[in-house]
Amino acid sequence: MSFTTPPRPLDATALFPQLAPLARTATRLHPRPGSPSVYDSSVGGPLLWPADEPWPHCVEPHDSEAADEMHSPDEIRILRRIHAAAAERRLRDPQAPAITPEDRELEQRLREGHPWFDGPIPMIPVAQLYARDVPLPVSPPGADLLQVLWCPCDHEEFAHPRTALFWRSSASVTDVLEAPPEPPVIQFDWYLPEPCLLAPEQITEYPSPLELSKELQQQLGDVNLWETAGFAWDSTGALDPQEFYFRNLCHAPGWKTGGWTRWGLTDPMPRPCPECGTETTPLLTIASSEWNSGSQSWMPEEERTNPTPLLLGTPPSNFTLLDIAGAYALQLHVCPVSPDHPHIELVQ
């Protein structure tokens with residue numbers, strides 16, 4: 001499996017040479033549904049977890065009013081299988097019933113959910129990244145594996161899952177935990193990642209317009225400059241040149257490592273390391289989708305002619321079936337001096 005990001009509609013550095021020294025390498029992960037093993041880089045797949053190491057649990061206070069009904073991981077998987085079967089059935093025969101009577105009865109029973117669970121909650125795997133597959137911008141000495149887990153519940157001060165990072169040497173894991181614990185309930189079905197394999201691809205990114213100098217921001221917004229260059233930015237659906245740059249030129253949407261921070265929900269803000277004060281760097285972006293209507297230029301070449309099937313009712317390109325705070329992304333930043341320092345979570 002491989003995916004290719006199309007060339008950008010315009011060479012930004014040709015029009016704005018000041019961008020060239022600001023270029024950074026990012027790695028698009030391109031998660032797509034599959035059956036990963038503990039030896040694969042994945043989203044939502046099993047982890048290469050030592051059998052003698054305790055599985056992490058979240059013991060922090062949770063927002064007990066965020067959801068009235070919750071499902072277990074197995075129930076969510078059953079509901080997804082029902083939807084996948086319905087999608088396959090309608091693909092073969094558009095006149096076929098959307099759901100069988102048996103599946104409807106099962107779905108209705110499962111939709112009743114469970115009451116709130118109060119107690120320590122086992123965290124669930126979100127991503128596993130082997131350095132051989134995915135270049136990471138920083139890592140501790142000797143580590144070639146990053147594992148990301150999260151608590152599948154909102155917390156009173158954060159309307160998104162809280163994450164935990166684990167760095168390790170894969171060669172040191174000789175006895176793998178075969179059946180890690182799962183939470184009895186998950187607050188929202190969209191906090192359980194669909195198991196996906198990865199197809200890493202390196203690209204070049206530039207800063208958000210909000211992080212550029214005032215002079216360069218003014219140049220980006222100079223319509224005459226774009227017209228002189230002969231590029232019709234206004235034919236792309238963007239409201240102004242800066243929006244076109246933001247959606248199509250500076251940084252890719254979707255899951256990725258490295259690159260630049262994707263601002264938009266808020267203005268740029270300092271992100272000092274909580275322990276040493278060093279400015280943190282983007283490590284991993286956990287996205288709600290790979291692209292949307294405003295960023296379709298990032299859709300891989302291969303999927304323009306052969307789209308990857310999705311479950312009924314999911315937004316286009318939401319392959320992991322996750323949703324962060326209503327279609328945003330959760331960006332994890334780490335200390336470049338010591339990745340073992342506490343990381344920062346940023347929703348944008």
Side-chain angles (χ1 to χ4, degrees), residues 1 3-6 26-36 41-45 67 71 73 75-88 90-91 98-99 107 111 124-129 148 150 152 154 159-161 163 186-201 247-248 251-257 259 262 264-265 284-332 345-348:
M1 181 177 63
F3 295 105
T4 308
T5 298
T27 302
R28 299 189 74 185
L29 300 184
H30 297 303
R32 298 296 185 272
S35 300
S41 293
S42 66
V43 165
H71 298 108
E75 289 171 341
I76 295 173
R77 295 179 186 117
I78 292 173
L79 289 168
R80 289 178 178 176
R81 284 198 292 271
I82 291 175
H83 296 163
E88 177 65 23
R90 295 296 291 272
L91 185 63
I99 189 171
E107 183 180 44
R111 284 299 179 192
I124 60 176
V126 176
Q128 175 166 267
L129 306 177
V148 183
W150 70 19
D154 284 346
H160 62 78
T163 56
I186 289 179
Q187 190 148 10
F188 299 108
D189 294 3
W190 52 87
Y191 283 172
L192 179 66
E194 184 72 6
C196 290
L197 291 165
L198 308 181
E201 177 202 19
R247 292 188 178 276
N248 299 281
H251 36 49
W255 287 69
K256 65 182 179 180
T257 59
R262 185 179 178 87
L265 186 60
L284 174 66
T285 298
I286 300 169
S288 297
S289 65
E290 289 293 280
W291 63 83
N292 56 33
S293 59
S295 57
Q296 289 190 35
S297 70
W298 295 97
M299 182 190 302
E301 297 276 15
E302 294 80 359
E303 289 184 321
R304 292 171 183 267
T305 56
N306 186 26
T308 300
L310 292 169
L311 295 184
L312 286 177
T314 60
S317 79
N318 186 6
F319 301 103
T320 64
L321 303 185
L322 295 181
D323 184 275
I324 305 295
Y328 288 98
L330 178 61
Q331 302 176 73
L332 308 184
E345 300 170 338
L346 178 68
V347 172
Q348 290 291 328

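Sequential numbering from 1 along the given sequence is applied to the chain's residues.
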S.K.: Which atom names give the shortest non-hydrogen contact between Gly45 and Pro36, and what distance separates them?
M.R.: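 Taking every non-hydrogen atom into account, CA-CG, 3.7 Å.
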S.K.: Where is the tightest heavy-atom contact between Ala127 and Trp255, given as atom of each residue plus distance?
M.R.: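 Heavy atoms of Ala127 and Trp255 come nearest at CB-CZ3, 4.3 Å.
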S.K.: Parallel, tilted or perpendicular, judged at 30° and 60°: which one describes the rings of Phe188 and Tyr191?
M.R.: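 Phe188 vs Tyr191 ring planes: perpendicular.
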S.K.: Does Thr320 use its side chain to pair, donor to acceptor, with the backbone of Pro193 at less than 3.5 Å?
M.R.: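 The answer is no, because no donor-acceptor pair under 3.5 Å joins these two groups.
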S.K.: Which atoms form the tightest heavy-atom contact between Glu107 and Ile99, and what is the distance?
M.R.: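 Glu107 and Ile99 have their closest heavy atoms at OE1-CD1, 3.4 Å.
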S.K.: Between the side chain of Glu201 and the main-chain N/O of Thr5, is any donor-acceptor distance below 3.5 Å?
M.R.: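 Checked: pair present.
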S.K.: Hey, does Pro31 have a side-chain heavy atom less than 4.5 Å from the side chain of Phe319?
M.R.: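 A side-chain contact is absent here, since even the closest heavy-atom pair is not under 4.5 Å.
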S.K.: If I take atom CD from residue Glu194 and atom CD1 from residue Ile76, how far apart are they, to the nearest 0.5 angstrom?
M.R.: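 The CD1 atom of Ile76 is 10.5 Å from CD of Glu194, to the nearest 0.5 Å.
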S.K.: Should Leu284 and Val126 count as side-chain neighbours, where that means a heavy-atom distance under 4.5 Å?
M.R.: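 No, their side chains stay 4.5 Å or more apart.
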S.K.: Is any side-chain heavy atom of Glu345 closer than 4.5 Å to a side-chain heavy atom of Leu332?
M.R.: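 Counting from C-beta outward, Glu345 and Leu332 do come under 4.5 Å.
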S.K.: Does the side-chain contact (heavy atoms from CB on, under 4.5 Å) test come out yes or no for Leu29 and Leu129, once each step is laid out?
M.R.: CA-CA 10 Å; Leu29 300 184; Leu129 306 177; 4.2 Å; yes
S.K.: I need the minimum non-hydrogen distance between Gln348 and Leu265, along with the two atoms involved.
M.R.: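 It is OE1-N, 2.8 Å.
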S.K.: Within the structure provided, determine whether Leu192 and His71 are in side-chain contact (heavy-atom separation under 4.5 Å).
M.R.: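 No, every pair of side-chain atoms sits at 4.5 Å or beyond.
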S.K.: Using the side-chain contact (heavy atoms from CB on, under 4.5 Å) rule, take Leu79 and Arg111 through it: C-alpha gap first, then chi angles, then the decisive distance, then the call.
M.R.: CA-CA 9 Å; Leu79 289 168; Arg111 284 299 179 192; 3.8 Å; yes
S.K.: Can you give me the closest heavy-atom contact between Ser295 and Arg247, atom names plus distance?
M.R.: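 Smallest interatomic distance, heavy atoms only, reads CB-O, 3.8 Å.
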S.K.: Could you please spell out the steps behind the salt bridge (Lys or Arg N to Asp or Glu O under 4.0 Å) verdict for Arg32 and Glu302?
M.R.: CA-CA 13 Å; Arg32 298 296 185 272; Glu302 294 80 359; over 6 Å; no
S.K.: If only atom types and distance count, is the side chain of Gln331 paired as donor or acceptor with the main-chain N or O of Thr285 below 3.5 Å?
M.R.: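 No, Gln331 side chain to Thr285 backbone: no donor-acceptor pair under 3.5 Å.
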S.K.: Is the shortest side-chain heavy-atom distance between Met299 and Pro6 below 4.5 Å?
M.R.: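 When only atoms from C-beta onward are counted, Pro6 and Met299 do not touch, as no gap falls below 4.5 Å.
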S.K.: Checking Trp298 against Arg28 for the side-chain contact (heavy atoms from CB on, under 4.5 Å) test, could you report, in this order, the C-alpha distance in whole Å, the side-chain angles of both residues, the deciding distance, and whether it holds?
M.R.: CA-CA 10 Å; Trp298 295 97; Arg28 299 189 74 185; 3.9 Å; yes
S.K.: Output yes when a side-chain donor or acceptor of Gln187 lies under 3.5 Å from a complementary backbone atom of Asp154, and no otherwise.
M.R.: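 Side chain of Gln187 to backbone of Asp154, a donor-acceptor pair under 3.5 Å: yes, one is there.
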S.K.: Within this structure, what is the CD-CZ distance for the pair Gln296 and Arg304, rounded to the nearest 0.5 Å?
M.R.: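 Rounded to the nearest 0.5 Å, the CD-CZ separation comes to 7.5 Å.
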S.K.: Measure the shortest side-chain to side-chain distance between Glu290 and Glu303 over non-hydrogen atoms and say whether it is less than 4.5 angstrom.
M.R.: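 Sidechains of Glu303 and Glu290: no contact.
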S.K.: Is the closest side-chain heavy-atom distance between Asn292 and Ser317 below 4.5 Å?
M.R.: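 A side-chain contact is absent here, since even the closest heavy-atom pair is not under 4.5 Å.
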S.K.: Would you indicate whether the side-chain heavy atoms of Ile286 and Trp150 approach each other to under 4.5 Å?
M.R.: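 The answer is yes; the side chains approach within 4.5 Å.
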S.K.: To check you understand the geometry: which heavy-atom pair defines the closest contact between Pro73 and Ile186, and what is its length?
M.R.: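 Looks like CG-CD1, 3.8 Å.
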S.K.: To the nearest 0.5 Å, tell me how far Asp323 CG sits from Ser288 OG.
M.R.: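 That separation rounds to 4.5 Å.
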